[in-house]
Amino acid sequence: MMGPVVVVGGGLAGSAIALELQRRDVSTILIDRNRRPGGASALSFASLSALDEDDDVLYGLKRQGMAAWRRWQARSDEDLGLRWEGQTCWAEDPPEARRLDGIVERARRRGYAVVPIDAREVAGLQPWAAPQRALTACHAPGDGQVELLRALGAFRRAFARHGGVTVAGRARLRFGPSSVAVAVGDWELDAARVVVAAGNETAALLARFGWELPMDVPSGLLAVTGPVAPIVLGTVYVAPASGPPVRLRRMEDGRVMICEGLRERVGADPTSRHALRLLHQAQKAFPRLAGAAIERLVVERRPMPSEGLPLVGPLPGVEGVYITVIPAGVTSAPFVAELVAAEVADGTVAAQLEPLRPSRGLGAPSGSGTGLHGTAELFFG
Ligand SMILES: Cc1cc2nc3c(=O)[nH]c(=O)nc-3n(C[C@H](O)[C@H](O)[C@H](O)COP(=O)(O)OP(=O)(O)OC[C@H]3O[C@@H](n4cnc5c(N)ncnc54)[C@H](O)[C@@H]3O)c2cc1C
């Protein structure tokens, strides 16, 4: 392969892909506009689970992603901040209890490691919890969580140790008839391939050239408390008898992260008032949280194509550009990175990525979709 591969975007997806390419001895340059990780990866709930995944393709990627995280930890010199302490869920509200039962039934049919448990077992697994009246409950022992800033730092350092080069700055792409140039400030180089892993900015990139990538970019709300004494083990989902269900986990610094719902889904109401409501729901289930206050409120957009599926693959009609947009990307990122690196480096075709090709979900307005073979210059981000 001539010239280096340039990866634009140093969130979890871009950092993992860059590291995997460099491990394969592909000379790689990673560009991120922030020196410190920004984007969705820096502001994620960062649980590792496929328990409630509806879509079969995403379910497969998440399952394989969880296995890949273990592989990546095994070969890493550093602690990636992974904890496999399982997930405990219970519901005190009848409709939520039925929903949870349905999720557990489907997960068990798929062979997922999850077992129904009773209230006594909830108390055993979560000694600081005070369930009011658990109508149904389950435990997924293989679910996990990751301290993303720790993992990202480790990926970046491993990338550098393998000879990768990281550049801080806003990337611009310039498309020629048969090549792509990438510029940051005054510096510019021709790239053999460009992998765009720019999260939400990817839609802006494509729109600039007439490709329409419908994105939901829903806001996710996370409330982070100050450090507290241990209150939860692993990840917990609780649907109290009334009000919104919450999900919580204790971070390694003792802070507790609270978000809405079982899945890392959109908070319908990304306001501080709603965050207080979520804290209150968590306090009902964990009385030890009573004195905790919200220290940080994060509202971050998720890179989510409208169809809810990732987009991964070559950009149609554009030589040398490969894009990745991955919702629920924390769980699946290391596995997707392995597949992407193999496709980019060796030209292999990963069957798991075939349903996710950009040609699937992109509507290119007539006449403009292939206009990239010109002298167009793109500034995005
Ligand atoms: C609140 C919330 C909770 C979530 N919870 C979970 C969860 O529990 N489990 C899970 O699996 N997933 C979860 N997700 C989703 C997950 O965080 C994302 O799918 C994942 O982080 C996406 O990573 P990424 O690298 O694709 O994008 P990002 O992390 O957004 O990275 C994109 C990077 O591109 C850079 N960039 C953009 N434009 C340019 C440019 N022009 N030049 C240079 N750099 C540029 C940005 O600086 C950024 O660093 C959650 C997301 C949110 C918001």
Side-chain angles (χ1 to χ4, degrees), residues 6-18 29-53 58 61-62 65-66 69 87 143-146 148-149 151-152 155-156 166-173 182-185 194-205 208 216-224 235 237 247-249 257-267 270 275 297-305 308 310-312 323-337 340 378-381:
V6 176
V7 178
V8 176
L12 189 65
S15 299
I17 291 166
I29 297 172
L30 175 65
I31 304 175
D32 198 282
R33 62 185 174 189
N34 300 317
R35 269 183 203 285
R36 294 170 62 82
S41 302
L43 304 165
S44 174
F45 187 73
S47 64
L48 307 174
S49 175
L51 175 63
D52 65 329
E53 182 52 61
L58 267 182
L61 290 181
K62 286 182 173 183
M66 291 163 74
W69 271 110
Q87 174 165 213
D143 285 7
Q145 52 188 293
V146 57
L148 264 192
L149 293 182
L152 272 169
F155 286 2
R156 295 269 187 103
T166 301
V167 174
R170 181 170 291 206
R172 311 186 308 271
L173 304 188
V182 183
V184 176
V194 178
V195 178
V196 178
N200 289 310
E201 309 304 332
T202 308
L205 177 158
R208 198 74 184 241
D216 274 350
V217 284
S219 297
L221 182 146
L222 291 179
V224 183
T235 312
Y237 162 83
R247 224 174 154 207
L248 52 163
R249 73 176 182 94
M257 216 180 231
I258 305 170
C259 70
E260 187 165 0
L262 182 55
R263 205 157 153 179
E264 68 288 347
R265 277 210 181 225
V266 194
L297 184 59
V298 174
V299 180
E300 172 62 14
R301 298 170 309 146
R302 295 145 198 270
M304 179 155 342
L311 282 185
V312 185
I323 66 170
T324 63
V325 185
I326 324 180
V330 176
T331 307
S332 53
F335 179 61
V336 172
V340 169
L378 170 69
F379 293 81
F380 68 100

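Since we're looking at a predicted model, the values are computed, not measured. Whatever order the structure lists ligands and atoms in, that order sets their numbers, starting from 1.
Selection from G10, S44, A13 by nearest heavy atom to atom 24 (P) of ligand 1 gives A13. Distances from atom 8 (O) of ligand 1 to the heavy atoms of S47, G11, A16, G169 show the closest one on S47. Selection from A197, A168, G329, S332 by nearest heavy atom to atom 32 (C) of ligand 1 gives A197. Residue nearest to atom 16 (C) of ligand 1, selected from I17, T331, V330: V330 (by heavy-atom distance).
Remark: side-chain polar atoms of T202 are not paired, donor with acceptor, to backbone N or O of V325 under 3.5 angstrom. Side-chain atoms of S44 never come within 3.5 Å of backbone atoms of A40 as a donor-acceptor pair (strictly under, hydrogens ignored).
Residue-level proximity to ligand 1 for L43 is carried by the backbone, the only part with a heavy atom below 4.0 angstrom. Proximity of I326 to ligand 1, defined as any heavy-atom pair under 4.0 Å, is confined to the backbone N, CA, C and O atoms. Of all the heavy atoms of A46, the ones lying under 4.0 Å from any atom of ligand 1 belong exclusively to the backbone. Heavy atoms of A42 found under 4.0 angstrom from ligand 1: none, in either backbone or side chain. Counting heavy atoms under 4.0 Å from ligand 1, residue E201 touches it through the side chain alone.
Remark: ligand 1 and D32 share an N or O pair separated by less than 3.5 Å (distance only, no angle test).
A 4.5 Å side-chain heavy-atom check between V195 and V8 finds every atom pair outside the cut-off. L221 places a side-chain heavy atom less than 4.5 Å from the side chain of L297. The closest side-chain heavy-atom distance from S332 to I326 is below 4.5 Å.
Remark: A337 engages A16, I17, W72 in a side chain to side chain contact (heavy atoms under 4.5 Å, CB included) (not counting sequence neighbours). Here R156 pairs with nothing under the salt bridge (charged side-chain N to carboxylate O under 4.0 Å, His left out) rule; sequence neighbours left out.
Between atom CD of residue Q87 and atom CG of residue D143 there is a gap of 5.0 Å, rounded to the nearest 0.5 Å.
Each of the atoms 40 (C), 41 (N), 42 (N), 43 (C) of ligand 1 lies under 4.0 Å from some heavy atom of A171. For ligand 1 and G9, the ligand atoms under 4.0 Å from any heavy atom of the residue are 33 (C), 34 (O), 35 (C). Listed by number with element, the atoms of ligand 1 under 4.0 Å from a non-hydrogen atom of N34 are 47 (O). Near R170, with a cut-off below 4.0 Å to any heavy atom, the atoms of ligand 1 are 41 (N), 42 (N).
The closest side-chain donor-acceptor pair between R249 and S47, if any, does not fall under 3.5 angstrom.
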